[in-house]
Amino acid sequence: MDDLFIAPAIPSPDTLTVSFDAWEGPLDLLLTLARSQKVDLREISILALTEQYLQFIDGARQLKLELAADYLVMAAWLAYLKSALLLPRQEQADPSPEELALRLQLRLQRLHAMRDAAARLMARDRVGRDVFVRRKPEGLRLVRKAKWQASLYDLIQSYGQIRARTQPAVHVIAVRPVMTLDEAIQRVGALVGAAIDWTRLEAFLPTGLDSAKAKSALASSFVAALELARQGRLEIQQDGIFQPIYLRAGVPDRGAKA
Amino acid sequence: MNGEPDDYLRAVEAALFVAEAPLTPAELRLHVGDAGDLAAVLRQLTDEYAGRGINLVERGGRWHFQTAADLAHILRREKDEARKLSRAAMETLAIIAYHEPVSRAEIEAIRGVQVAKGTLDVLMEAGWVRPAGRREVPGRPLIYATTVDFLSHFGLSSRRDLPGIDDLRAAGLLDPVDLALEGLGGQSVLENDDDVA
Amino acid sequence: MNGEPDDYLRAVEAALFVAEAPLTPAELRLHVGDAGDLAAVLRQLTDEYAGRGINLVERGGRWHFQTAADLAHILRREKDEARKLSRAAMETLAIIAYHEPVSRAEIEAIRGVQVAKGTLDVLMEAGWVRPAGRREVPGRPLIYATTVDFLSHFGLSSRRDLPGIDDLRAAGLLDPVDLALEGLGGQSVLENDDDVA
């Protein structure tokens, strides 16, 4: 598998001037170092790789390069792994150092495989870079043809509304059952002339009226009485509030005396 | 298309394919260079594409691919979509139906509102209204009438089937909207009171 | 292109020519109808255009015309510069494509670093990656997969066309580390180390 992915060059520790920004974390650095072993990653020596990494970190430290914590954590872990691998085999811890080493190797292989895949993917004939589609296609058009819907009811209702809206409005005021003031003045004036004695206002009202008209007649007759009294044609007497109102014909000289 | 197309022809073909606008031979050369006989290649491509779904054509010295004219219909697909008429369109249609033939000014006079340009278009597109000549008055305005499709859509055998004004009144359809609303409130309550009294 | 192309083929050719996006056979049928054997016509067109300046290709079940890759240099414009992806974005895209559907945690396990906030956004914005539901494990993490546009852009007919995917799968390199360990049955790598040491 050709290496299409260009890894950052590994500077030797004594000329190490790069920052660790060149790597995306310890695994990335480990992979770069592993690839410098120039062997298939499946054959990689984890011990040798550990050596390389620890030396590299050491070199960086001597140059007082500031290292992110995760690089140091990896260094510590690799130092532990190295000693575990070198120690005589005894009661194996779980997981065994061999398994830890294998895990690391598998992770490096996977990262390498994906890195390689990414490079091959990016190198494909990409639309807009290597192959081109039409820049201004006319486009397949979907013409939405409206199928209009309306019912006969909608139609006549609309027409009714227009007519209602635009018809000149005619306002008719209902004729209410009233006795007008003029009517009352005439009637009370005519009747009071015959009444020498005090006579109750109600006696001047026409009979046989419905209740609404009777109320109106009473009110109009009272106002008529006030008007006729003002003219001196009759006199009004009431003994107290809400007491019956009495009328009698006015006497011109008596009025003048009063 | 016969034989192995050479690279110059392939380049011309591809350049014309991606172009945003028809290209003059000079513009084409900017892309494909001078490695071949451009005029001959354009002729060859025109021949090769003749009779296909895409044709190479020259218009005013500019070349472009276009779809064959007889295929235009497949590139536009129509789809029916049920839509409801707007209130303005409905009212306009009603006025035309009741008063036809009627001019736009007359419709506006009856509606009491201007008729937007699109409204009549929609009704004509629906196939319910047609221009029915001009009125012989100053300005000779276009007059409109309903169509046979209108009658069949609304289930009418003739315009005489439209309910008359008296029918509308009887159905309460002539009550002004706001009065009709009031009728549901105060007014009818009073009437009821009288009935009771 | 040999013989008289029939109208069905011509229609398919024209529709693909004017289409704004790659078309599925179903979409094509909406325009060209069912009057012919669409699959056969697509095969025939693919053959007829092979070797020309324009090719008919299928990407993720959708068909479109594109220019031949070897003509890129004459067609590329300055502004065509393909979106420059960061290394992180490229690797993340590859991991999603080869492992899909895959969660963010799984991507991080492979890369050994956190997936930066913008990385997945960039890939989704490009239209190459989409959320593909949640994994039914504690925390129900979102999982990601590639899109049909991803296939189109990278010229893949399907995910099976991903470079080397069969080899990677056969080598177990697409399995999680835990699964691979089980497969190896604890076989030691120390033999190699011993050799070196």
Side-chain angles (χ1 to χ4, degrees), chain B residues 1-23 25 27-36 38 41-42 44-57 63-81, chain C residues 1-21 23-36 38 41-42 44-57 63-80:
Chain B
M1 312 195 180
N2 320 303
E4 268 308 272
D6 72 12
D7 280 350
Y8 192 66
L9 178 136
R10 291 173 70 245
V12 173
E13 185 179 35
L16 287 166
F17 171 80
V18 299
E20 279 178 18
L23 297 175
E27 287 163 343
L28 262 171
R29 273 199 198 89
L30 287 179
H31 290 283
V32 302
D34 279 319
L38 184 54
V41 159
L42 287 170
Q44 188 183 338
L45 280 171
T46 306
D47 288 350
E48 288 179 348
Y49 276 95
R52 297 200 64 90
I54 314 166
N55 305 143
L56 181 60
V57 295
W63 294 79
H64 72 278
F65 278 116
Q66 67 178 28
T67 54
D70 63 311
L71 295 172
H73 65 283
I74 65 140
L75 308 177
R76 282 177 75 241
R77 185 166 56 90
E78 298 195 342
K79 185 173 181 247
D80 280 346
E81 210 175 49
Chain C
M1 313 195 183
N2 319 305
E4 264 313 88
D6 71 13
D7 279 350
Y8 192 65
L9 179 137
R10 291 172 71 243
V12 173
E13 186 178 34
L16 286 166
F17 176 78
V18 299
E20 277 165 331
L23 296 175
T24 63
E27 287 164 344
L28 264 169
R29 271 198 201 93
L30 289 178
H31 291 275
V32 301
D34 278 318
L38 184 54
V41 160
L42 287 167
Q44 188 183 339
L45 281 170
T46 307
D47 288 349
E48 287 177 351
Y49 277 96
R52 297 198 64 91
I54 314 165
N55 305 141
L56 180 61
V57 295
W63 295 78
H64 73 271
F65 278 115
Q66 66 181 29
T67 57
D70 65 308
L71 300 169
H73 61 286
I74 65 152
L75 301 172
R76 193 176 294 146
R77 300 177 303 184
E78 303 249 326
K79 58 177 162 181
D80 284 333

Inset, instruction - Sort out for me which of B:G53, B:A19, B:G33 touches chain C most, counting heavy-atom pairs under 4.5 Å. - result: B:G53
Inset, instruction - Report the residue from C:I54, C:I74, C:D70 that forms a side chain to side chain contact (heavy atoms under 4.5 Å, CB included) with B:R10. - result: C:D70
Inset, instruction - Quick one: closest heavy-atom pair of C:L71 and B:A14, and the distance? - result: CD1-CB, 3.6 Å
Legend entry - Pairwise side-chain contact, B:R52 with C:L45, heavy-atom cut-off 4.5 Å (strictly under): yes
Inset, instruction - Let me know if C:L9 has heavy atoms under 4.5 Å from chain B in its side chain, its backbone, both or neither. - result: side chain
Inset, instruction - Could you label the plane-to-plane angle of the B:F17 and C:F65 rings as parallel, tilted or perpendicular, counting under 30° as parallel and over 60° as perpendicular? - result: perpendicular
Inset, instruction - Go through the atoms of C:L28 and report whether side chain, backbone, both or neither lie under 4.5 Å from a heavy atom of chain B. - result: neither
